Amino acid sequence: MNVEETVVIVGAGQAGGEVATSLRQQGYEGRVVLVGDEAHPPYQRPPLSKGFLLGKVQLAQLYLKPEATYERFNIALKLGTRVTAVEREAREVVLHDGSRLAYDKLVLATGGRARMLELPGVDPYKLGNLFYLRSIPDVEGMRSHFVAGKHLVLIGAGYVGLEVAAAAVQLGVQVTVIDVAPRVLSRVTGPEVSGFIEGVHRDRGVTFRMPATVKGVTLDEAGEAVREVVVEQDGVEERIAADVVLVGIGLVPNTELAEAAGLAVDDGIVVDALAQTSDPRVLAVGDCANQPSAYAGRRIRLESVPNAMEHARVAAATVLGKAAPTPAVPWFWSEQYGMRLQLVGLSTGYDRCVVRGSMENRAFSAFYLADGHLIAADVVGRPADFVAAKKLVAAKAVLDPAALADENVALATLG
Ligand code: FAD
């Protein structure tokens, strides 16, 4: 290997940080430059909507590695630095101050940004009580609004929204959740589990308006804060008073750099099984990448920590000339009211859901079958089930629904 070579990584998030350290761990001896536009070294986002919002996790605990580790690994960490262009012919990236960095290999790990809610006639940047949640400053901005007795209107019943709902309830905040979908987590889980999760929130006093459409907001006299959120449900318009509003309606992948550089983009930067874009000198990983999935039998773009980590290691191996695609099955976790929900596989297309354990006792697993094959599982409070389910889903095991439901039959013996 040429020690004069340089790998530039754009985006110092979960995936970018892992590419950098993984390159060193896998024996890369060239220069590694990790460029990120945030002020913080790579950090974990999951606690942002959980322990960090609650004040139980401190800032330094979010960091994936102490800053000194990057120095020790001889990784040049350039924080607060935005890459504005990729010039593939020159093999250079342009930084916001106009300076340039040359690369031999470039890894795009640019993640995504919160999808904005369209509010005609309203400048969301002027509103002091409407928030999105993607970064440390986002949480720092909203924390002081989460005061007992205040009313939070949450737009979006996905993971981020529900986790914030749980944190808010624990802080004594009243919560109303609005979504256009008829049930919570509708994109990722079946109606049985959605119903269970919604029940857990209702038990804690959360109110749901679903399916309902946000028609707009009313503002205070200065036009600087939302006073009410206007929703339409069953053809009836209602104004819900709000002290604070959080919008969690999904993520837009940051693909603009790749697109402007002429790389293939289709719901994410298109990469092959080795994380290479349409230009083999340029790789892309994590939330911003659209990758082939042997498990799904199609291209997918995943938004999860396990994917960011596994994909980063694939990219590092590719840079080192070791072809090591992972046959990874997607998995994810969420935490609400201290209850851990673990998901493996993608349940889209299932034709049967089998439940093992007890939803009432908050210890159950929901197994999703398609043509008799196990394609996904959602597990609450049964970690051993999750370990077994990961293997069974990876094998797309053909399983007897009666045995799956029967707690006397050990899961590990199935498949
Ligand atoms: P990111 O972590 O978003 O990093 C991308 C980085 O690139 C950012 O720092 C961005 O600012 C930077 N960047 C972008 N463009 C440029 C540029 N031009 N120049 C320089 N820098 C740039 N996943 C789970 O598995 N479990 C969970 O419980 C969970 N909870 C979550 C809770 C919240 C509130 C959020 C926001 C996410 C959560 N996720 C969870 C998802 C997980 O955090 C992401 O999938 C993961 O962070 C993706 O890593 P990434 O490196 O691809 O992107």
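Hydrogens, waters and symmetry mates play no part in the numbers below; they use all other heavy atoms, side chains included. Start at 1 and go down the list; that is how both ligands and their atoms are numbered. No experiment lies behind these values; they were computed from the predicted model shown.
- Between T81 and ligand 1 there is a heavy-atom distance shorter than 4.0 Å.
- For ligand 1, none of its N or O atoms has an N or O atom of S49 under 3.5 Å away.
- Per-residue contacts place A308 under 4.0 angstrom from the following atoms of ligand 1 (heavy atoms of the residue considered): 49 (O).
- Considering only residues two or more places apart in sequence or on other chains, S186 meets the side-chain hydrogen bond (donor to acceptor under 3.5 Å, both in side chains) condition with none of them.
- When only interatomic distances are considered, the shortest N/O to N/O separation between P306 and ligand 1 does not fall below 3.5 Å.
- Each of the following atoms of ligand 1 lies closer than 4.0 Å to a heavy atom of G286: 52 (O).
- The two residues L154 and V175 make their nearest non-hydrogen contact at CD1-CG1, 3.8 Å.
- Closest to atom 37 (C) of ligand 1 among all protein heavy atoms lies R45 CB, 3.8 Å.
- Residue-level proximity to ligand 1 for T84 is absent, since no heavy atom of it falls below 4.0 angstrom.
- When H96, Q14, E335, R134 are ranked by how near their heavy atoms come to atom 3 (O) of ligand 1, first place goes to R134.
- In this structure, the protein non-hydrogen atom closest to atom 25 (O) of ligand 1 is V305 N, 2.9 Å.
- For a threshold of 3.5 Å applied to N or O pairs, the pair formed by C288 and ligand 1 contains no separation below that value.
- Annotation: atom 39 (N) of ligand 1 to nearest protein heavy atom, P46 CG, 4.3 Å.
- Taking every heavy atom of L257 and a limit of under 4.0 angstrom, the matching atoms of ligand 1 come to 18 (N).
- The contact set between ligand 1 and L133, taken as ligand atoms under 4.0 Å from a residue heavy atom, comprises 34 (C), 36 (C).
- Among protein heavy atoms, atom 4 (O) of ligand 1 sits closest to G13 CA, 3.3 Å.
- Note on ring orientation: taking the six-membered ring where Trp is involved, the planes of H40 and Y63 are tilted (angle from 30° to 60°).
- Geometrically, R143 engages F52 in a cation-pi contact, judged by NZ or CZ lying under 6.0 Å from the ring centre and within 45° of the ring axis.
- The minimum heavy-atom distance between T189 and S347, with the atom names listed, is CA-OG, 4.1 Å.
- Between F364 and F196, the two ring planes are perpendicular [angle over 60°; tilted spans 30° to 60°].
- In this structure, E198 pairs ionically with R202, as a charged nitrogen and a carboxylate oxygen lie closer than 4.0 Å.
- At least one N or O atom of D287 sits closer than 3.5 Å to an N or O atom of ligand 1.
- Scanning P47, A109, G161 for the heavy atom closest to atom 6 (C) of ligand 1 points to A109.
- Geometrically, ligand 1 and N254 share no nitrogen or oxygen pair separated by less than 3.5 Å.
- F73 does not carry K65 over the face of its six-membered ring by the limits of under 6.0 Å from the centre and within 45° of the normal.
- A salt bridge does not link K390 to D385: none of the charged nitrogens lies less than 4.0 Å from a carboxylate oxygen.
- With respect to atom 28 (O) of ligand 1, the closest heavy atom belonging to the protein is K50 NZ, 2.7 Å.
- Checked against side-chain hydrogen bond (donor to acceptor under 3.5 Å, both in side chains), E92 has the following partners two or more places apart in sequence or in another chain: R100.
- Between R301 and E303 there is a salt bridge, since a side-chain N of the basic residue sits under 4.0 Å from a carboxylate O of the acidic one.
- Comment: E335 does not engage K50 in a salt bridge, judged by the lack of any side-chain N to carboxylate O separation of less than 4.0 angstrom.
- Ranking the protein heavy atoms by distance from atom 41 (C) of ligand 1 puts E303 O, 4.2 Å first.
- Annotation for ligand 1: atoms under 4.0 Å from non-hydrogen atoms of S304 are 23 (N), 25 (O), 45 (O).
- Atom 14 (C) of ligand 1 has its closest protein heavy atom at T110 O, 3.2 Å.
- For the pair R45 and Y43, the distance from NZ or CZ to the six-membered ring centre is under 6.0 Å and the angle to the ring normal is within 45 degrees.
- A salt bridge is defined here as a Lys NZ or Arg NE, NH1 or NH2 lying under 4.0 Å from an Asp or Glu carboxylate O, and R134 with E38 fails to meet this definition.
- For atom 27 (C) of ligand 1, the nearest protein heavy atom (residue, atom name, distance) is W333 O, 3.4 Å.
- Ligand 1 has a nitrogen or oxygen under 3.5 angstrom from a nitrogen or oxygen of V83.
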